[in-house]
Structures are given as structure tokens and as C-alpha cells.
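Have a look at the structure below, then the notes.
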Amino acid sequence: MERKVEYDVTSPEAIEQYAQGLVGKSFREVMPEAVENVASKGNLGTLLEEHYFGYSPNSNAAPDFPEAGVELKVTPYKKLKRGKRYSAKERLVLNVINYEEVVKETFDTSSFYHKNQLILLVNYLWQEGLERLDYPITHAQLFQFPEEDLKIIKDDWNVIVDKVKAGQAHLLSEGDTNYLGACTKGANRYSLREQPYSDELAMQRAFSLKGSYMTAVLNEYILNDIKTYRKLVPALHEQTLDQWILEKMNAFHGISTTELARMFELDSKAKSRYALLASRMLNGSFDNAEKSDEFQKAKIKLKTIRVGKNGKLKQEMSFPAFKYTEIVEETWEESELREMFETTRYLIVAFRENEHEEFVFDKAVLWNMPIQDLDTQVRAVWEETVLRIREGRADQLPKKSESNVCHVRPHGRNKADVYPTPQGGYETKKCFWLNKEYLLDVIEA
DNA sequence: GCATGATCATGC
DNA sequence: GCATGATCATGC
């Protein structure tokens with residue numbers, strides 16, 4: 001491929017320096033002549049490749065700048081509604097997973113690592129209502145995975161590849177892994193591919209860095225926010241992050257909450273006291289493990305549950321309330337609920353009641369909603385919910401008796417805590433709840 | 001005892 | 001002041 005460029009394409013630093021010329025400009029300003037010709041077709045990354053960096057886009061296994069080993073990635077971030085903080089707007093989609101080939105690779109020789117070990121990140125600020133060519137490009141810099149992250153990414157890659165080797169490519173989900181995910185990539189859910197160890201067709205998927213991981217990268221390396229996240233976990237060698245978390249917690253099996261409170265010098269009657277204990281069990285210097293570097297990047301949520309003397313869960317599990325006016329505008333595929341269950345991992349910490357009506361730490365489980373439950377049973381409840389809200393029946397949403405997995409119930413400060421309905425009225429805030437019988441199966445599996 | 005409605009309380 | 005995780009309360 002011939003390039004007519006005015007920078008040294010064999011040098012990562014030279015490429016980065018050339019890319020710095022983008023900073024402070026919008027896409028339109030960077031390539032005015034191209035924009036006129038092509039109108040606004042093509043994605044922003046492709047446009048920059050062609051009209052700024054001067055090469056034709058390819059889908060090679062090699063990085064975009066092969067001589068320098070640099071892969072170009074153009075990615076948006078946004079300002080959060082409250083406060084001044086920023087987050088990545090999207091996951092960062094890397095190369096498509098070739099199910100047939102990936103099972104023959106090891107991480108170190110993988111096409112994933114070959115292509116993505118050194119990334120030139122070009123960040124632009126997405127803004128509501130702005131035409132996409134007018135988004136300002138604010139940063140352009142080289143990014144390499146920090147050593148601790150690379151270890152976790154390598155383990156994630158292995159989890160994904162092992163699932164393909166087990167003939168379960170059709171069951172892959174982003175929530176299976178911590179930093180590196182297998183996200184869907186294709187025109188729609190009919191973009192299916194064959195897999196080597198099963199006759200089931202699987203959705204086309206790509207390796208991607210989770211949105212939560214990209215938010216951390218943005219704040220830590222791009223915006224240089226000094227308030228970075230603290231590490232929860234020591235350097236990992238033999239163990240995976242999952243193993244470390246579970247082994248660390250499960251060492252406390254059988255210890256009562258009274259005893260744990262004494263061990264960690266915690267005197268609290270708050271509802272969150274079990275969550276506080278769980279965080280201390282992981283790392284004595286943490287009040288909330290969710291705030292750690294690792295949990296933030298992997299989007300791991302801590303959930304505590306109590307199992308009663310009768311072996312049943314005390315309560316169902318709640319999730320954030322939805323807005324009636326927003327949920328009716330969604331389709332299942334791009335719904336907030338689906339996105340949440342697809343991308344979030346849950347560290348479920350179970351306390352079990354003993355004969356003295358005292359709660360004892362039983363076990364911790366890392367769980368994410370299986371894609372087959374999500375796209376069948378949860379989907380049905382979600383669709384029924386949306387249907388009833390559209391019909392003006394926001395006061396009659398799916399009850400527990402209507403599904404084995406989840407239902408809808410109030411979730412506000414009190415019944416006067418309301419959200420507007422599409423019809424112009426108001427209804428008590430509600431959310432989706434996971435049925436406790438379903439959850440019991442999860443922790444006992 | 002359970003389903004469903006209602007509310008508490010922390011932390012941002 | 002509100003969102004959210006967690007729990008309580010009521011009535012069948």
C-alpha cells in the first residue's frame with residue numbers, strides 16, 4: 001500500500017505527534033474537502049484514516065500502521081449529567097472474533113494482541129444535538145495496556161476462547177469477562193457465523209474493551225484526573241481476578257456477621273452493613289469495593305443477599321428505577337435493561353441464617369445474567385411492561401406470578417415518589433426485581 | 001408464608 | 001435532593 005504522507009509511519013511517536021494536529025479541531029475542520037465530497041457517510045474513524053492519515057482503511061489482521069505496530073482508534077466520550085466528570089460514551093470495539101481461527105491461537109500469538117497492543121487513541125467529545133462532524137477532537141495519544149490490566153485482559157481472552165472451544169460461542173456475553181469483552185458486532189441479530197465445536201450459529205462478535213474500562217482509561221490516562229481509583233487487588237500472577245476475589249471472600253465461610261464485625265471493627269446497624277463487611281473481607285482498607293480500580297473497570301456490582309433458616313431467600317433483588325417516558329421509546333435490543341444485564345457482573349455475597357437467628361457468611365459468587373435468560377424470559381417481562389405503559393396501565397405492571405425470573409415493583413422513597421407517564425400522569429417509581437427463587441438457583445448452582 | 005406494596009438510609 | 005441498594009409491612 002502506498003502512502004503519501006508527511007510523517008514517519010514506522011515510528012509510533014512520529015505518528016502520535018502528527019495526530020496531535022487533530023487536537024482542538026472538529027472533524028469538519030480537519031478534512032474540509034473530504035467532508036464536502038462524501039457528505040457525512042462513513043464512520044469518523046474511517047474518514048480520518050483516509051483524509052488525515054492518508055491510507056486506505058483495511059480489515060487486515062495487521063495494525064493500521066503495520067511498520068510501527070500502531071492501531072488507530074477514534075472514540076467518543078461525554079460529560080456526565082451531574083457534576084463535571086466524564087465517561088466513555090461507548091465500548092471500544094476491536095477486531096472481530098474469528099471463531100474458527102481463534103481456537104488455534106494463544107494470547108501471545110493472537111491476532112487480537114498482535115493488532116491491539118499499541119493503540120493510538122483519538123478522543124472526541126460527543127455532545128447531544130451536535131452534528132457528528134462538528135464534534136471536537138480533544139486528545140490524541142498512544143495507549144498501551146498497563147501490566148496489571150494486561151494480565152486481566154489475557155485471562156478474559158482465555159475465558160472467551162474457552163467458551164468457543166466448549167462449543168458455546170452462541171452463549172457468549174460481555175458480562176462473562178472483566179475488561180475485555182465479546183460484544184456483538186453486525187448489522188443485526190441475524191448476523192450469524194459458524195463456530196468450530198457446535199452446529200449452533202453464533203452472533204458475530206468482536207473483542208472489545210468495556211465501556212467501564214474505557215471510562216477508567218479516559219480519566220486515568222487521557223484526562224489525567226488526579227482522583228484515580230485505588231487498587232483493591234495485589235499484583236496477580238497465578239490467579240485470575242475472579243479466583244482472587246472468590247478465594248479471598250470464601251476464606252471467611254462460616255463466620256458470623258457478629259464475629260466479622262468484631263474482626264473488622266465495624267459497628268454499624270445500617271442496611272449497608274453486610275456490604276461494608278463484604279468490602280472489608282476483600283480488602284480491609286475499603287468501605288466499598290465497587291469504588292476500586294478493578295471493580296470500576298470491570299463493572300462489578302456488589303450485591304448482598306440473606307438466606308433464611310428455611311433455606312429461602314429473604315428478599316427479591318432490586319435494580320435502578322426506570323422512567324416511564326424513556327422506556328416506551330426503547331426497543332429491547334437497545335434497552336437500558338438489556339445493556340445493564342449484558343454488561344454488568346455481580347458479586348453476590350450470601351449470608352445464611354443459623355438456628356440462633358444470626359447471619360453467617362456463606363459464600364460469594366460472581367454472576368452475570370446468562371444471555372439465554374436475558375433474551376427470552378427477561379425480554380418477555382420487559383416487553384409486557386412497555387406494552388402496558390403504552391396502554392396507560394403503568395399501575396398494572398408484570399407481577400411476580402407472571403415470570404420465573406423477574407417482575408416489576410415499586411422502588412422509590414415512598415408512594416408519592418413518582419415519575420411522569422407518557423399519558424401525562426404520574427406513577428410511583430418502579431424497577432425490575434429478580435425473583436428470589438431464580439437468585440437461589442444462581443447461588444446454589 | 002408469600003406476594004406485593006411501601007419505605008428506609010446512605011452517599012453522592 | 002435524589003438515586004439506589006436494601007429492607008420492612010400489610011393483607012390474603
Side-chain angles (χ1 to χ4, degrees), chain A residues 79-87 215 219 225 227 229-230 257 261 266-280 286-292 295-296 299-327 336-337 339-341 344-353 357-359 361 364 367 381 384-385 388 393-420 426-440 442-443:
Chain A
K79 195 166 194 167
L80 293 172
K81 278 179 188 140
R82 287 180 303 279
K84 293 176 186 146
R85 292 183 62 92
Y86 294 89
S87 80
T215 293
N219 286 308
D225 189 338
K227 243 185 79 184
Y229 317 108
R230 277 170 62 211
T257 49
L266 193 77
D267 181 27
S268 168
K269 292 222 155 50
K271 283 183 177 179
S272 57
R273 62 188 184 281
Y274 295 150
L276 269 162
L277 281 179
S279 290
R280 295 280 172 91
F286 269 83
D287 278 346
N288 186 352
E290 283 184 3
K291 298 236 176 303
S292 67
F295 278 42
Q296 283 289 321
K299 205 173 167 184
I300 300 173
K301 298 275 186 193
L302 181 66
K303 290 278 197 181
T304 57
I305 58 175
R306 294 170 305 153
V307 185
K309 271 186 294 193
N310 59 6
K312 296 178 178 179
L313 290 206
K314 289 275 189 189
Q315 310 289 347
E316 333 277 348
M317 185 181 282
S318 67
F319 294 89
F322 53 78
K323 294 190 170 71
Y324 303 104
T325 50
E326 290 178 8
I327 199 170
E336 224 176 281
L337 186 71
E339 166 78 13
M340 180 186 78
F341 276 132
T344 312
R345 315 193 78 211
Y346 296 94
L347 177 62
I348 302 179
V349 181
F351 294 89
R352 192 175 286 268
E353 193 177 22
E357 288 176 14
E358 190 183 28
F359 282 92
F361 170 72
W367 176 80
V381 173
E384 186 59 29
T385 300
R388 293 185 199 173
R393 296 192 288 138
D395 59 333
Q396 299 163 38
L397 300 180
K399 295 172 187 290
K400 191 178 174 194
S401 55
E402 299 178 52
S403 160
N404 293 322
V405 176
C406 63
H407 59 280
V408 179
R409 289 228 310 276
H411 190 212
R413 289 200 306 288
N414 52 48
K415 70 175 176 183
D417 196 12
V418 295
Y419 276 137
Y426 292 92
E427 179 63 33
T428 309
K429 288 179 187 173
K430 293 176 189 169
C431 76
F432 291 91
W433 296 72
L434 286 183
N435 296 359
K436 55 192 180 191
E437 294 76 11
Y438 177 77
L439 283 167
L440 191 61
V442 165
I443 62 164

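In the text below, chain A, chain B and the rest are named by the order of the sequence lines, each starting its count at 1.
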With a 4.0 Å limit, can you tell me whether A:Lys312 has a side-chain N or O closer than that to the phosphate oxygens OP1/OP2 of B:dC2? yes
Does a nitrogen or oxygen in the side chain of A:Lys314 sit under 4.0 Å from OP1 or OP2 of C:dC8? no
With a non-hydrogen cut-off below 4.0 angstrom, is A:His411 in contact with a base, only sugar-phosphate, or nothing? base
Tell me: CG of A:Asn414 to C1' of B:dA6, nearest whole Å? 8 Å
Under 4.0 angstrom between A:Arg306 side-chain N/O and C:dT7 OP1 or OP2: yes
Pick base, sugar-phosphate or nothing for A:Thr428, based on heavy-atom distances below 4.0 Å to the nucleic acid. nothing
Closest heavy-atom pair and its distance - A:Ala364, A:Leu347: CB-CD1, 4.1 Å
Separation of C:dC8 atom C1' from A:Arg413 atom CZ, nearest Å, is 17 Å
What's the closest nucleotide to the A:Lys303 side chain, out of C:dT7, C:dA6, B:dC12? C:dA6
Grab the CG-C1' distance between A:Leu313 and B:dA3 for me, whole Å please. 15 Å
Between A:Lys399 and B:dA3, is there a side-chain N or O to OP1/OP2 distance below 4.0 Å? no
Check the angle between the aromatic planes of A:Trp367 and A:Tyr346 and answer parallel, tilted or perpendicular using the 30° and 60° thresholds. tilted
Separation of C:dG5 C1' from A:Leu439 CG (nearest whole Å): 14 Å
Need one value for A:Lys430: base, sugar-phosphate or nothing, where a base atom within 4.0 Å counts as base even if backbone is also close, heavy atoms only. nothing
Give me the ring orientation class for A:Tyr419 and A:Tyr324: parallel if the planes are under 30° apart, tilted from 30 to 60°, perpendicular past 60°. perpendicular
For A:Tyr274, does the six-membered ring have the charged nitrogen or CZ of A:Arg306 within the cation-pi criterion, i.e. under 6.0 angstrom from the centroid and within 45° of the normal? no
From CH2 of A:Trp433 across to C1' of C:dG5 the rounded distance in Å is 9 Å
Upstream residue (5' side of DNA chain C) when A:Pro320 and A:Gln315 are each assigned their closest nucleotide: A:Pro320
Please give, in whole Å, the distance from B:dT4 C1' to A:Glu402 CD? 12 Å
Between P of C:dA3 and CG of A:Asn288, the distance in whole Å: 19 Å
I'd like to check the side chain to side chain donor-acceptor pair (under 3.5 Å) partners of A:Lys400; sequence neighbours left out, ordered by chain and number. A:Glu316, A:Glu437
Heavy-atom nearest nucleotide on DNA chain B for A:Asp395 versus A:Leu276: which residue maps closer to 5'? A:Asp395
Using a heavy-atom cut-off of under 4.0 Å over every strand shown, decide if A:Tyr419 touches base, sugar-phosphate, or nothing. sugar-phosphate
Kindly say if A:Thr304 contacts the phosphate of C:dA6, meaning a side-chain N or O under 4.0 Å from OP1 or OP2. yes
Can you check whether A:Ser318 has a side-chain N or O nearer than 4.0 Å to OP1 or OP2 of C:dA3? no
Would the distance check show the side chain of A:Ser279 and the main-chain N or O of A:Phe286 forming a donor-acceptor pair, the cut-off being under 3.5 Å? no
Take atom NZ of A:Lys323 and atom P of C:dC2, then tell me their distance rounded to the nearest Å. 12 Å
I want to confirm an ordering. Mapping A:Asn310 and A:Gly412 to their closest nucleotides on DNA chain B, which one lands closer to the 5' end? A:Asn310
